[in-house]
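The structure under discussion appears below in the form of structure tokens.
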Amino acid sequence: TEVGILAKSYIDQGRLIPDDIMTRLMLNELKGLDRYNWLLDGFPRTVGQAEALDKECQIDTVIDLDVPFETIKCRLTARWIHPASGRVYNLDFSPPKVQGIDDITGEPLVQRDDDKPETVTKRLQAYDAQTKPVLEYYRKKGLLKSFSGTETNKIWPHIYAFLQTKLPDVSQKDAATPR
């Protein structure tokens, strides 16, 4: 689409997509999904985006995964990839058999620039600065539910139980089926 091409031009320059363009992209994608339950991840990131989303869609709940930045930083900086295949390894919980080498091809693994410690720190600081006002925006509306922890398998059961209170007739199996 025209707006997609415009967004790509920002991405290609390594720049953040401006709010108005990101909002147009997202709202365009959400059109026609009124028969479905849906979940957004990473949008809205600013209060302006949240306000625009609220004008077009009824938001039932907002989930905040409150994970310490140090945990996120450790996970991201331990991530290494095999560029040709996209295989992802994590030095802490799914390491390659030989450090720095892809298990299948024997080729070297690389760390993406955005997974390097200094970049991760900057990204987390920017995320925090942008996200706190969005969380406060939804907290004031009574829509925010926060879940704290450091391990997916410990946080997920609580999130799933909460979602069952919001969508009691939806199971994991049929969550993608239109209602």
Side-chain angles (χ1 to χ4, degrees), residues 1-67 69 72-73 75-77 79-90 109-147 152 156 159 162-163 166-167 170 172-179:
T1 64
E2 182 182 326
V3 71
I5 292 167
L6 185 57
K8 185 177 181 327
S9 72
Y10 283 91
I11 294 168
D12 289 347
Q13 296 171 38
R15 296 169 53 201
L16 292 176
I17 299 171
D19 273 5
D20 63 319
I21 295 170
M22 180 57 76
T23 301
R24 284 175 30 211
L25 273 172
M26 291 302 298
L27 293 179
N28 190 47
E29 289 297 317
L30 293 173
K31 285 182 184 166
L33 292 181
D34 53 337
R35 299 179 312 148
Y36 298 89
N37 296 304
W38 42 264
L39 172 75
L40 300 176
D41 180 12
F43 182 86
R45 286 194 187 228
T46 67
V47 172
Q49 291 175 356
E51 291 170 342
L53 179 63
D54 282 350
K55 287 179 187 170
E56 299 294 325
C57 304
Q58 178 186 334
I59 305 303
D60 298 314
T61 193
V62 174
I63 296 173
D64 170 36
L65 300 180
D66 182 19
V67 179
F69 278 4
I72 296 169
K73 184 177 177 180
R75 286 193 189 163
L76 290 176
T77 58
R79 184 167 59 180
W80 289 75
I81 63 165
H82 177 249
S85 68
R87 272 186 292 283
V88 178
Y89 297 90
N90 186 292
L109 300 176
V110 299
Q111 188 174 45
R112 296 177 0 185
D113 285 340
D114 59 344
D115 286 343
K116 293 185 176 167
E118 58 279 359
T119 307
V120 170
T121 298
K122 286 179 187 171
R123 286 172 51 209
L124 289 172
Q125 289 169 342
Y127 175 81
D128 188 49
Q130 282 187 333
T131 303
K132 278 187 180 174
V134 175
L135 295 177
E136 188 57 32
Y137 173 83
Y138 284 116
R139 183 177 288 113
K140 285 179 182 174
K141 290 177 152 281
L143 297 175
L144 184 69
K145 178 71 174 170
S146 290
F147 296 89
T152 302
W156 172 245
I159 296 169
F162 171 72
L163 289 174
K166 296 292 185 180
L167 307 164
V170 177
Q172 284 182 313
K173 178 181 65 122
D174 63 11
T177 306
R179 302 190 323 153

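Worth knowing before you read on, the calculation uses all heavy atoms, side chains too, and leaves out hydrogens, waters and symmetry mates. Quick note: residue numbers are just sequence positions, from 1.
The shortest heavy-atom contact between W80 and V110 is CE3-C, 3.2 Å. Among all heavy-atom pairs drawn from D19 and G48, the shortest one is OD2-CA, 4.3 Å. When all heavy atoms of A50 and P44 are compared, the pair lying nearest together is N-CB, 3.4 Å. Residues F69 and L124 come closest through the heavy atom pair CE2-O, 3.3 Å. R79 and Q111 make their closest contact through O-CG, 3.7 Å (heavy atoms, listed as atom of the first residue, atom of the second, distance). Annotation for T61 and F162: closest pair OG1-CZ, 3.3 Å, computed over non-hydrogen atoms.
Side-chain atoms of E56 and L30, non-hydrogen and from C-beta on, never get closer than 4.5 Å to each other. Taking 4.5 Å as the limit, every side-chain heavy atom of I81 sits out of range of all side-chain heavy atoms of D115. The side-chain heavy atoms of E51 and V47, taken from C-beta on, include a pair separated by under 4.5 Å. Taking the side chain as every heavy atom from C-beta outward, L53 and L27 approach each other to under 4.5 Å. Contact annotation: the side chain of K73 approaches that of T121 to within less than 4.5 Å [non-hydrogen atoms, C-beta and beyond].
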N28 vs R24, test: side chain to side chain contact (heavy atoms under 4.5 Å, CB included). Steps then yes/no. CA-CA 6 Å; N28 190 47; R24 284 175 30 211; over 6 Å; no
Going through the checks in order, is the side chain to side chain contact (heavy atoms under 4.5 Å, CB included) test met by I159 and L65? CA-CA 9 Å; I159 296 169; L65 300 180; 3.3 Å; yes
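No more than 12 heavy-atom neighbours from other residues, nucleotides or ligands sit within 6.0 angstrom of CD on E2. Atom OH of Y127 is surrounded by 12 or fewer heavy atoms from other residues, nucleotides or ligands within 6.0 Å.
Distance check: F43 CZ to R45 CZ gives 10.5 Å after rounding to the nearest 0.5 Å. Of the inter-residue distances, the one linking T23 atom OG1 with I17 atom CD1 reads 10.5 Å to the nearest 0.5 angstrom. Atom CG of residue L135 and atom CG of residue D64 lie 4.5 Å apart, to the nearest 0.5 angstrom. Between the CG atom in D20 and the CD atom in Q49 there is a gap of 9.5 Å [rounded to 0.5 Å].
Using a 4.0 Å cut-off between charged nitrogen and carboxylate oxygen, K141 and D54 count as a salt-bridge pair.
Checking each of D113, T119, D114 against K116 for a side chain to side chain donor-acceptor pair (under 3.5 Å) leaves exactly one that passes, namely D113.
With R75 contributing its side chain and I72 its backbone, the two residues share no donor-acceptor pair below 3.5 Å.
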